[in-house]
Peer 1: 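This is the structure, below, for whatever I ask next.
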Protein chains: 2
Amino acid sequence: MENLKGACIIGQSGGPTAVINASAQGVIQTALASPQITRVLGAAHGIKGVLADQLYDMGQEDPGQLELLQFTPSSALGSCRYKLADPDVDDTDYKRILEIFQKYDVRYFFYNGGNDSMDTCNKISKYMQRVGYPCNIIGVPKTIDNDLSGTDHCPGYASAAKYIATSCMELYQDARVYDTGTVVIVEIMGRHAGWLAGAAGLATWAGSGPDLIYLPEVDFSMEAFLADVKRVYEDTGNCLVAVSEGIHYGDGTFVSEAKTSATDGFGHAQLGGLAALLAESVKRALGVKVRGIELSLLQRCGSHLASLTDVREAYLAGKAAVEAATAGLTDQMVALDCTRDASGYRCQTKLIPLTQAANTERKVPLDWITPEGNGIRQPFIDYALPLIQGELQRPLAHGLPQFAHLKKVRTTDMD
Amino acid sequence: MENLKGACIIGQSGGPTAVINASAQGVIQTALASPQITRVLGAAHGIKGVLADQLYDMGQEDPGQLELLQFTPSSALGSCRYKLADPDVDDTDYKRILEIFQKYDVRYFFYNGGNDSMDTCNKISKYMQRVGYPCNIIGVPKTIDNDLSGTDHCPGYASAAKYIATSCMELYQDARVYDTGTVVIVEIMGRHAGWLAGAAGLATWAGSGPDLIYLPEVDFSMEAFLADVKRVYEDTGNCLVAVSEGIHYGDGTFVSEAKTSATDGFGHAQLGGLAALLAESVKRALGVKVRGIELSLLQRCGSHLASLTDVREAYLAGKAAVEAATAGLTDQMVALDCTRDASGYRCQTKLIPLTQAANTERKVPLDWITPEGNGIRQPFIDYALPLIQGELQRPLAHGLPQFAHLKKVRTTDMD
């Protein structure tokens, strides 16, 4: 496609991360500096903001505040979970998007998100090609789940991994101070892939982490789990367990949703979540002191523990998206291409077709998991450890974080 | 009391904190350097280690590892929750302690803990005086709860406060990314005093924190709580709430233990804890999306977010204890004496009688809480903000914390 000139839109979508705003910063700053991009628009709550004509003029923002985006967790522009219909069935949304693109002469569209967001991006891209509206569309990957395919890893994963590993190291210290013994069960995000729970293994590798780790890649057995905990507890006097929220039985039922004895069949398991449910099961089976801890949202917004490597790569992914689009490329997602060898870790961006990235899930290879299904093996460490390197020099005020405050000047207010 | 010469014992007791090991480091390093102290012994699991003759020779430790104690959360020597009997009723433990003191010629005893630990320390001190065994005994304060009286604040509180405030700032960013609205309820430690939950107000003060904060100093009303949440949610589209685990109804019943409609009277509230229970109540009453988050152990072991001020004061408290004891003082607790004025914050140590410190609880003044009982006022900020200042330059290996590894050479193994 030829070199286009016009406005661009950047949207954020899906669950936020500690570094998704670093990608937004990469897109916005690069776009603002591009001679081909006449106006940089931020979509409020992703594609919903495009549909609702809720767009912010990013050129009106204070450059100092844009610079703070890399230190600000969550989605500064707002996010959404909105799935576009199949355009062959219902093209209402697509027509509206085209209308907005035409209204602002949008020739570049950048969408920052995970699997579903790449699906959105892909559908819009294919529609614009079909109706012959020239617009270069590039996806910018983001997900703490790390389950996007076609990329070595996803911006957002490493910072969550660093948060999880560090927190587990601290919990390991805390959970063994008494001579009376405790079982602590830490619930970690990851509905279908165990990349995040596996990151708890970095703590174990560092000498202060979970004794047992359960990933959704392996079918869960309550019997084997209780036997594992009993063995470790009897051997060492304590037991620290990391579990992925997505662990499930052989029939596919999530453990968190199964009606176990811990809920007495009243189906109230969701009141406390998986960690509380497993804690109750251990308490009943082994009669020991046990505590369930859910890392919950903390693990995805813990920007104070962000990996510098992650922040840099997230920014680069945003920058690369704009550079690719203004060079005439479209219908692609930025991916990370990494090598790990004796000379260290290197990462550069590449492009893969949006179709390849959308709607596929990448899981932890089974041979990276112990044969017993209760821990991770060295290849996982070799993969994940380089990603969590480096600490951010965060700007602080009065000992507390400083986050970006965007003015969010609406384009409609300016007309 | 005259200048004594002999061995010393340092013990840690009660729930661990991010900086209790900094106090231990202050005691151990100062004691090792003291010409009056012939041998520095660490008690395994506090007073239980004394009773069991499980003592470590701290002189055998690598000085580099002792230096790492200030960065290591939890109780490196092990902790206990052991309440000594009234010596007039049963003096078995006291006779055993005297026996151990005599065995190792212990002339200095330092006990590092909270209310109950100061009670232990006080009882031992009084017993040794009564039987005429010369031994200088000094308590070193520690508790994230900040409820020890006679001291401006307690080492350990500030680091937990900084963790809570920072985490709430991040959660505030995360919990408002969608245009669909969410209520997030954060459960914070503090069974009887609201110092920790109040620290969430530092996040609000910094512009990114809870809309509502409930402390145990004020009787809780579920009706008023639900009305507060409804109002904030309707006004702003979201609501972030911080609650102390110790909130209770007018009749003294803890909300976490009450059989509310959220538990259907089956009494399973403990499965998920207070945050899950309140989340369920909000969901039922308002029909909105809600999430409960329990900071759990994370808030007391989060040494990666420790306050430099706290670490320094914790170390100083340990050092001051040894200096006081070797100068001939006994039967005292180290306290912090602080001033906050236009010229800044200053802190020095002082001594108060152990009897004064033991078994009394200091609560948040009622006029530091809003009249509605759902937030904190400026005096709380003025009090707490200076305490969370400064960041630790933590030693890291491969992007993860480095904790002290003590050899723990047993004295009995050396005999």
Side-chain angles (χ1 to χ4, degrees), chain A residues 16 44-45 48 72-75 78-81 162 165-167 169-171 173-179 184 202-203 206-208 262-264 266 268 271-273 276-277 280 291 293-298 300-305 307 385 388-391 396-401 403 405, chain B residues 16 44-45 48 72-75 78-81 162 165-167 169-171 173-179 184 202-203 206-208 262-264 266 268 271-273 276-277 280 291 293-298 300-305 307 385 388-391 396-401 403 405:
Chain A
H45 302 289
K48 286 176 87 172
T72 307
S74 186
S75 305
S79 187
C80 68
R81 293 194 184 277
K162 186 167 181 137
T166 302
S167 296
M169 287 186 73
E170 294 173 343
L171 286 173
Q173 297 293 318
D174 189 288
R176 53 189 57 232
V177 290
Y178 300 113
D179 57 357
V184 173
L202 295 169
S208 177
T263 62
D264 282 333
F266 295 123
H268 283 155
L271 187 61
L277 184 149
E280 187 66 19
R291 187 190 280 263
I293 297 176
E294 192 183 342
L295 294 186
S296 191
L297 301 182
L298 296 162
R300 78 176 187 194
C301 64
S303 59
H304 68 273
L305 264 180
S307 149
L385 195 60
I388 67 162
Q389 299 307 304
E391 284 66 48
L396 296 166
H398 303 286
L400 294 170
F403 297 146
H405 289 282
Chain B
H45 304 289
K48 286 176 87 172
T72 306
S74 185
S75 305
S79 188
C80 69
R81 293 194 185 276
K162 186 166 180 136
T166 302
S167 296
M169 287 187 72
E170 293 173 344
L171 285 173
Q173 297 292 319
D174 189 288
R176 53 190 56 232
V177 291
Y178 300 114
D179 58 356
V184 173
L202 295 169
S208 177
T263 63
D264 283 332
F266 296 122
H268 283 154
L271 188 59
L277 184 150
E280 186 66 19
R291 187 190 280 262
I293 298 176
E294 191 184 343
L295 294 187
S296 192
L297 301 182
L298 297 162
R300 77 175 188 196
C301 63
S303 60
H304 69 273
L305 264 180
S307 149
L385 195 60
I388 66 162
Q389 299 307 305
E391 284 66 47
L396 297 166
H398 303 286
L400 294 170
F403 297 146
H405 288 283

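Letters go in sequence order (proteins before strands), and every chain restarts at 1. The basis for the numbers below is simple: all heavy atoms, side chains too, and nothing from hydrogens, waters or symmetry mates.
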Peer 1: Measuring heavy-atom distances to chain A, does L202(B) have an atom under 4.5 Å in its side chain, in its backbone, in both, or in neither?
Peer 2: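 Both parts, backbone and side chain.
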
Peer 1: Does the E170(A) side chain pair with the main chain of S303(B), one donor and one acceptor, at a distance under 3.5 Å?
Peer 2: yes

Peer 1: Name the region of T72(B), side chain, backbone, both or neither, that has any atom closer than 4.5 Å to a heavy atom of chain A.
Peer 2: side chain

Peer 1: Under 4.5 Å heavy-atom distance to chain A, tell me which part of R291(B) shows up: side chain, backbone, both or neither.
Peer 2: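 The side chain, not the backbone.
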
Peer 1: Relative to chain A, which segment of H304(B) carries a heavy atom at a distance below 4.5 Å: side chain, backbone, both, or neither?
Peer 2: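 It is both, since atoms from each part get that close.
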
Peer 1: Please check: side-chain N/O of Q173(B) versus main-chain N/O of S74(A), any donor-acceptor pairing under 3.5 Å?
Peer 2: no

Peer 1: So which part of F403(B) gets closer than 4.5 Å to some heavy atom of chain A, the side chain, the backbone, both or neither?
Peer 2: side chain

Peer 1: Looking at H398(B), K162(B), K48(B), R176(B), which makes the most heavy-atom pairs under 4.5 Å with chain A?
Peer 2: H398(B)

Peer 1: Name the member of G302(B), A203(B), G390(B) that forms the most heavy-atom pairs with chain A at distances under 4.5 Å.
Peer 2: G302(B)

Peer 1: Given a strict heavy-atom distance threshold of 4.5 Å, which part of S208(B) is in contact with chain A: side chain, backbone, both, or neither?
Peer 2: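 Side chain only.
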
Peer 1: Measuring from L396(A):CG to Q389(B):CD, what's the distance to the nearest 0.5 Å?
Peer 2: 9.0 Å

Peer 1: Hey, which of G78(B), P16(B), A206(B) has the most heavy atom pairs under 4.5 Å with chain A?
Peer 2: P16(B)

Peer 1: Supply the atom-to-atom distance S75(A) OG to D174(B) CG, rounded to the nearest 0.5 angstrom.
Peer 2: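 Going from the OG atom of S75(A) to the CG atom of D174(B) covers 8.0 Å.
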
Peer 1: Quick check for you: among D179(B), L298(B), T166(B), which has the greatest number of heavy-atom pairs under 4.5 Å with chain A?
Peer 2: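 Most heavy-atom pairs within the cutoff with chain A belong to D179(B).
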
Peer 1: Identify which of E391(B), R300(B), H405(B) forms the greatest number of heavy-atom pairs closer than 4.5 Å to chain A.
Peer 2: R300(B)

Peer 1: Flag the one option from P401(A), G207(A), A397(A) with the top tally of heavy-atom pairs under 4.5 Å to chain B.
Peer 2: P401(A)

Peer 1: Roughly how far, to the nearest 0.5 Å, is OG of S296(A) from CD1 of I293(B)?
Peer 2: 3.5 Å

Peer 1: Using atom types as modelled and distance alone, determine if a side-chain donor or acceptor of H45(A) lies under 3.5 Å from a backbone N or O of C80(A).
Peer 2: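 The answer is no, because no donor-acceptor pair under 3.5 Å joins these two groups.
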
